[in-house]
Structure formats: structure tokens, C-alpha cells
Amino acid sequence: ADLRAERLGLPDRYVLAVGTLEPRKALASLIEAMAHPDAPSDVPLVISGPDGWGDVDVYGTAERAGLSRDRVKVLGRIDDADLAVVYDRATVFVFPSLAEGFGLPVIEAMSFGTPVIHSDDPAVAEVASDAGVTVARSPRESYPARLAQAVYQVVNDPQLSSRLAVAGPDRARMYDWSDSAAETWQLHADL
């Protein structure tokens, strides 16, 4: 894990976002949040995920928001073993998505005990339940400010961070593939 973290250039503490780089993932809102005066200024943003549609220019968005380039690191698509290290070492995982069908990255982050902040998209809120910090998407113009405040709170409140680190893995276990398969098998057997 140490060698992977070193090869990836991971800082000691960081805010993590994972997902395809496309507009509905609201990475622009998160980048603006990290540039907001309410955000912690000593924690950089690390983004992992492949390019998607919509030409999301992370560094251009950061520059326009006033977030210095040295506070943003884009990893791109990485393999699962590297991704596990990235999740595990993150100070907080933020999933600001505007629209999701499920929100698998939330479960992945929680499974590592990484504190999670997520949007109030119904699918994501259902997946996370009370094991994460929910941030309202509306009104949209103040969404980055609310994200910044949530990041500051989790990064600077050890009790909250610890509570989320315990609640996350408990919640993630509810989405175990073996349990899902057994329940599906039992459903067919009952029919």
C-alpha cells in the first residue's frame, strides 16, 4: 500500500472524489467548494475516474474558481488495487453527484471506513442512509458553499469523522454480494 501511495503521489491528507468526469457528477461544484473560504485550505483534492462526456476540464475549472493547481491532483482511471489504497488513505470522500442510479462509490468508500459526504440525490441518500453527511443540492448556486462547510466540518471534527468511520463499514456490509445472491436464491426457492 505504501509503494502504491508513493507511486500515485498521494498526500498525507486529502479530499477524494471518484467517478467518471462528466457534468452530472458535479465535480465543478466540488472544485468550487474546495476554493471556498469555508473549505479547509490545507487539504488538497484528489480526483480519480475516467474521462466521460461533457469535456470536464478539472484544472481549468480550478483556475476559474481560484483553487491553485497544487491543491488538485487528477489520477484518471486507476486499477482496483490502486483505487483501494486511494479510498483507504483519504481523509474524506465526497460524492457531490446531481443524479445517480445507485452510488456505488459511496459504498466503496464506506467499506474502507472513510468518512463520506454526499449529495441529497435520492438514490445516493438511500444508499448512504445516516452513515454519511448529506448536503442539499438546491439552491444550486450555493451548493459549493454547503459542500465546503461539510468538508470543513468532517476534516476538523474528530468525533464526527470517527463516527462516520464506524458507521460506514456497517452500512457497506448491507450491500454484500454474497448476501444479495443468497436472498435472490431464497426468493426463487420460495416461488
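A quick note: this is a predicted structure, and the numbers were derived from the prediction, not measured. Below, each value reflects all heavy atoms present in this structure, side chains not excepted, and no hydrogens, waters or symmetry copies.
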Could you list the residues that satisfy side chain to side chain donor-acceptor pair (under 3.5 Å) with Asp120, not counting sequence neighbours? Arg137

Under the side chain to side chain donor-acceptor pair (under 3.5 Å) test, residues paired with Tyr14 that sit two or more places apart: none

Other residues, nucleotides, ligands: >12 heavy atoms within 6.0 Å of [X] [atom1]:
X	atom1	answer
Leu187	CG	yes
Gln159	CD	no
Arg64	CZ	yes
Glu6	CD	no
Tyr175	OH	yes
Glu63	CD	no

Measure from the side-chain N and O atoms of Arg13 to the backbone N and O of Thr91, and report whether any donor-acceptor pair falls under 3.5 Å. no

Using modelled atom types and a 3.5 Å cut-off, is there a donor and acceptor pairing between side-chain atoms of Asp157 and backbone atoms of Gln153? no

Stepwise salt bridge (charged side-chain N to carboxylate O under 4.0 Å, His left out) check, Arg7 with Asp82: CA-CA 10 Å; Arg7 182 176 40 77; Asp82 284 346; 2.7 Å; yes

Side chains of [X] and [Y], heavy atoms from C-beta outward: is any pair under 4.5 Å?
X	Y	answer
Leu98	Tyr143	yes
Tyr87	Pro105	yes
Lys25	Pro96	no
Arg173	Asp176	no
Thr114	Asp88	no
Val116	Leu164	no
Arg171	Ser129	yes
Leu75	Ile47	no

Closest heavy-atom contact between [X] and [Y]?
X	Y	value
Gly103	Phe95	CA-CE2, 4.0 Å
Val94	Val151	CG2-CG2, 3.9 Å
Ala65	Ala35	O-CB, 3.3 Å
Val135	Arg146	CG1-CB, 3.6 Å
Ser119	Ser97	OG-O, 2.6 Å
Leu147	Ala33	CB-CB, 3.6 Å

Would you say [Y] ends up clustered with [X] if hydrophobic residues are merged whenever their side chains have heavy atoms under 4.5 Å apart, either directly or through other cluster members?
X	Y	value
Val166	Val92	no
Val18	Leu30	no
Phe112	Ile78	yes
Val58	Leu83	no
Phe93	Leu160	no

Using side-chain contact (heavy atoms from CB on, under 4.5 Å), reason through Leu27 and Thr61 one step at a time and then give a plain yes or no. CA-CA 9 Å; Leu27 287 174; Thr61 302; over 6 Å; no

If you round to the nearest 0.5 Å, how far is [atom2] of [Y] from [atom1] of [X]?
X	Y	atom1	atom2	answer
Ser29	Met34	OG	CE	13.5 Å
Asp190	Gln186	CG	CD	4.5 Å
Leu67	His36	CG	NE2	13.0 Å

Which donor-acceptor pairs under 3.5 Å do the side chains of residues 38-46 make with protein atoms, sequence neighbours left out?
residue : atom : partner : partner atom : Å
Asp38   : OD2  : Gln149  : NE2          : 3.0

Pair Arg89-Asp2, salt bridge (charged side-chain N to carboxylate O under 4.0 Å, His left out): steps then yes or no: CA-CA 10 Å; Arg89 300 217 171 176; Asp2 290 341; 2.5 Å; yes

Checking Ser161 against Val155 for the side-chain contact (heavy atoms from CB on, under 4.5 Å) test, could you report, in this order, the C-alpha distance in whole Å, the side-chain angles of both residues, the deciding distance, and whether it holds? CA-CA 7 Å; Ser161 183; Val155 166; over 6 Å; no

